[in-house]
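Before any comments, here is the structure.
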2 protein chains.
Amino acid sequence: MCFRGFVLVLGEQREAVRLFNNPGAQECADVIMSAASKRRAVIVLGVCEVSYRGRTSSELARGERLVIVKEDGSLLVHRTWGYKPVNYMPPGAMVYAKSDSGSVVISAKRGSESMRVVFHKVYLAATLNFRDDSSFEQKGTEAQMRDAVVFYPELVEKGLRVLTHEFQVKSGFVDLMALDSRGRLVAIEFKANPAKTADVNQLIAYVSRLRALSKERGIRGVLAAPSINKAARKLLVDSGLEFKRLDKDECLRVLEEFKPTMSLLSFIEKGDEHSA
Amino acid sequence: MCFRGFVLVLGEQREAVRLFNNPGAQECADVIMSAASKRRAVIVLGVCEVSYRGRTSSELARGERLVIVKEDGSLLVHRTWGYKPVNYMPPGAMVYAKSDSGSVVISAKRGSESMRVVFHKVYLAATLNFRDDSSFEQKGTEAQMRDAVVFYPELVEKGLRVLTHEFQVKSGFVDLMALDSRGRLVAIEFKANPAKTADVNQLIAYVSRLRALSKERGIRGVLAAPSINKAARKLLVDSGLEFKRLDKDECLRVLEEFKPTMSLLSFIEKGDEHSA
DNA sequence: GCCTAGGTCCCGTTG
DNA sequence: CAACGGGGCCTAGGC
């Protein structure tokens, strides 16, 4: 069965998808421009080639691909394999489409970068009038590990008192500054993933900076992560720093437990802001 | 105009795209499973919710989205904005689809990670039988900058002689080792992008390692990049290291010029391998 | 605007 | 297999 050259409207109460089957070059360009003006996304399936000039430059010869023009100006060229788009523009690009001697030319500009997709044949174009206002909730991030320790410092060690977070030193930001039970400063760096040498280097830089600042020799550095690789552990220990295994799930349990308190705290903080 | 419930085949000589308009849950699941068995990509437009468990965990409530199931098992859930998929599985996932009480459930597993997309309504499914064997060529990478300097060391400075590249020290690999006109060792670190403090830290680690190894105090460290940010430059200079501006385009010109020589060299190297 | 750091980073390369 | 570094990284948050 092969139908050609008509438009389909899909969606029950509303026109969520409008399909253009085997559109001509001019029609396809019009569809893209019209969607862009209404801030709607478009997908295009067909035979194209792509060139990019900007941070590097690249050429992609003719092939069949899926192109997505999104409502924020991002532009993705996907092959039928691979996580990443083979070519793209991040959000914020100005996207234009025109017909040029039988081809559809989509060009995108963003600062000093530019991209050009030339479609020699378009099998299908579809404009998307999508509703999607759901929030995306994620659990188990590095920030949440840090929050868990703020609320329950014993996750790292007994007697720990939290001083501040995101403490700025010359070489960056220390995730958490605390005092241990013997009154020594502790710089804590959290990693949600197995700690690597780069993470240790980061902690080394922070602690050496802190030691330079305070002349206090007793400053401790703790790398808190679910695990640490061998080379990293050796470098850590050789540098006089410590590793503390911190389980993501345990952190999440703590956060769940402290949720009421957290809400209360956030209420109090807001109150302070008003009275300040 | 509103057509419902038929299949469309697009593509001139070949069935490049097969469209399923408003498919039922069972039909859609079958389409996905059949495409998976033939290693073909599928796109699905419709109303879905997504959950993910793995390195973190996430929930995405109901909304209209584009889902791409690729032939290598990667699975992307795209909203109508943003460069990145809101949920995804990288290549290598096992993807299954089934119909469950009127919904299409797509599940993907990959090691300890799993993802589940439930479509409450599918507007459109399309299987892609795409041909795309074009190579993707990119110019202006860090490796190419290094190669340019190997062939024309004067890009960094007069009288420089290249010794080796990717020289391993404890803290990593020095991009390029060379001797300057006065016989001093030079460690060169290339960056294709504006150099940051992290890059300087890397070079500091390398040079201090080299100095420890050779006891030679005259070892120089050079950071070669198109530009360097202020803080990084200060850290660099304070650490007794040097910055050399290296233009990407200039490097590319050099590579173009030396292309004949490079081919010759590669031929000779191959010959060496055979004779070795 | 720059800069810093996280990411379900992905991805290739190498030991 | 793990480990390491690059990426047109992208993205969020500070300043």
Side-chain angles (χ1 to χ4, degrees), chain A residues 50-58 74 76 82-93 108 110-115 136 138-146 166 168-175 189-199 201-202 205-206 227-232 248, chain B residues 50-58 74-77 82-93 108 110-115 136 138-146 166 168 171-175 189-199 201-202 227-232 248:
Chain A
V50 188
S51 60
Y52 162 78
R53 295 290 176 280
R55 284 171 276 190
T56 62
S57 51
S58 69
S74 41
L76 310 175
Y83 163 83
K84 288 184 179 178
V86 59
N87 272 117
Y88 65 90
M89 292 291 270
R110 183 180 184 268
S112 60
E113 297 180 285
S114 63
M115 200 178 122
F136 176 66
Q138 193 160 359
K139 290 176 180 174
T141 62
E142 182 180 308
Q144 286 180 314
M145 292 174 69
R146 190 245 293 144
E166 299 302 325
Q168 187 167 16
V169 293
K170 209 165 196 174
S171 38
F173 296 84
V174 183
D175 282 345
E189 179 67 24
F190 294 93
K191 291 295 159 189
N193 304 323
K196 301 166 294 182
T197 50
D199 306 325
N201 281 328
Q202 200 178 352
Y206 292 165
S227 65
I228 183 167
N229 80 41
K230 220 174 139 182
K248 265 188 234 180
Chain B
V50 188
S51 60
Y52 163 78
R53 296 288 176 281
R55 285 169 277 190
T56 63
S57 51
S58 69
S74 42
L75 176 56
L76 310 173
V77 181
Y83 163 83
K84 289 185 179 179
V86 59
N87 274 116
Y88 67 92
M89 293 290 271
R110 182 180 185 270
S112 60
E113 297 181 286
S114 63
M115 201 179 123
F136 176 65
Q138 193 160 355
K139 291 177 181 175
T141 62
E142 185 180 305
Q144 288 181 315
M145 291 175 69
R146 190 245 294 147
E166 300 303 324
Q168 186 167 18
S171 37
F173 294 84
V174 183
D175 283 345
E189 178 68 25
F190 295 92
K191 291 294 158 191
N193 303 322
K196 300 166 294 183
T197 49
D199 306 323
N201 281 328
Q202 201 178 350
S227 65
I228 182 167
N229 80 41
K230 221 174 140 182
K248 265 189 237 179

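Note that the coordinates shown come from a computational prediction; the quantities given were computed from them, not determined experimentally. Order of the sequence lines sets the chain letters (A, B, ...), proteins ahead of strands, with each chain counted from 1.
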d([atom1], [X]; [atom2], [N]) in whole Å:
{"X": "B:Asn87", "N": "C:dT8", "atom1": "CG", "atom2": "P", "answer": "10 Å"}
{"X": "B:Glu189", "N": "D:dG6", "atom1": "CD", "atom2": "C1'", "answer": "11 Å"}
{"X": "B:Asp175", "N": "D:dG6", "atom1": "CG", "atom2": "C1'", "answer": "10 Å"}
{"X": "B:Phe136", "N": "D:dC9", "atom1": "CZ", "atom2": "P", "answer": "12 Å"}

By salt bridge (charged side-chain N to carboxylate O under 4.0 Å, His left out) - contacts of B:Glu113 (at least two apart) =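 Listed in chain order: B:Arg55, B:Arg110.
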Would you give the length of the straight line joining atom [atom1] of [X] to atom [atom2] of [Y], rounded to the nearest 0.5 angstrom?
{"X": "B:Tyr88", "Y": "B:Leu75", "atom1": "OH", "atom2": "CG", "result": "11.5 Å"}
{"X": "A:Gln168", "Y": "A:Tyr206", "atom1": "CD", "atom2": "OH", "result": "10.0 Å"}
{"X": "B:Gln144", "Y": "B:Arg146", "atom1": "CD", "atom2": "CZ", "result": "10.5 Å"}

Is any side-chain nitrogen or oxygen of A:Tyr206 closer than 4.0 Å to OP1 or OP2 of C:dA5?
->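 The answer is yes; a side-chain N or O of A:Tyr206 sits under 4.0 Å from OP1 or OP2.
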Kindly say if B:Gln202 contacts the phosphate of D:dG5, meaning a side-chain N or O under 4.0 Å from OP1 or OP2.
->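 For B:Gln202, the contact criterion (side-chain N or O under 4.0 Å from OP1 or OP2 of D:dG5) is not met.
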Expressed as a whole number of Å, how far does the P atom of D:dC4 sit from that of D:dG8?
->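 The same atom, P, in both gives a distance of 22 Å.
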Same-atom distance (C1') from C:dG7 to C:dC11, integer angstrom =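 These two C1' atoms come out 14 Å apart once rounded.
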Contacts of [X] that satisfy side chain to side chain contact (heavy atoms under 4.5 Å, CB included) - sequence neighbours left out:
{"X": "B:Ala198", "result": "none"}
{"X": "A:Ala192", "result": "A:Glu142, A:Met145, A:Lys248"}
{"X": "A:Ser51", "result": "A:Arg53, A:Glu59, A:Arg116"}
{"X": "A:Lys196", "result": "A:Asp199, A:Asn229"}

Does [X] have any side chain to side chain donor-acceptor pair (under 3.5 Å) partners at least two apart in sequence or in another chain, and if so, which?
{"X": "B:Asp175", "answer": "none"}
{"X": "A:Ser74", "answer": "A:Asp72"}
{"X": "A:Ser58", "answer": "A:Asn87"}
{"X": "B:Thr56", "answer": "A:Gln138"}

Counting the atoms with a prime plus P, OP1 and OP2 as sugar-phosphate, which does [X] contact under 4.0 Å by heavy atoms, base, sugar-phosphate, or nothing?
{"X": "A:Ala231", "value": "sugar-phosphate"}
{"X": "A:Gly54", "value": "nothing"}
{"X": "B:Thr141", "value": "sugar-phosphate"}

Do nucleotides 10-15 of chain C as a string where each nucleotide becomes B, S or -: B if the base has a protein heavy atom under 4.0 Å, S if just the sugar-phosphate does, - if no protein is that close.
-> BS----
Residues from residues 191-199 of chain B lying under 4.0 Å of DNA chain D - heavy atoms =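 Per residue number, the list reads B:Lys191, B:Asn193.
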On DNA chain C, check which nucleotide each of A:Glu166 and B:Met89 is closest to and give me the residue with the more 5' one.
->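 Result of the comparison: A:Glu166.
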Between A:Asn229 and B:Glu142, just flag the one whose closest nucleotide in DNA chain D comes earlier from the 5' side.
->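 It is A:Asn229, whose closest nucleotide lies nearer the 5' terminus.
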For DNA chain D, which consecutive runs of 3 or more Watson-Crick or G-U pairs (each distance under 3.5 Å) count as stems?
->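 C:1-7 with D:9-15, C:9-15 with D:1-7 - these are the stems of 3 or more pairs that involve DNA chain D.
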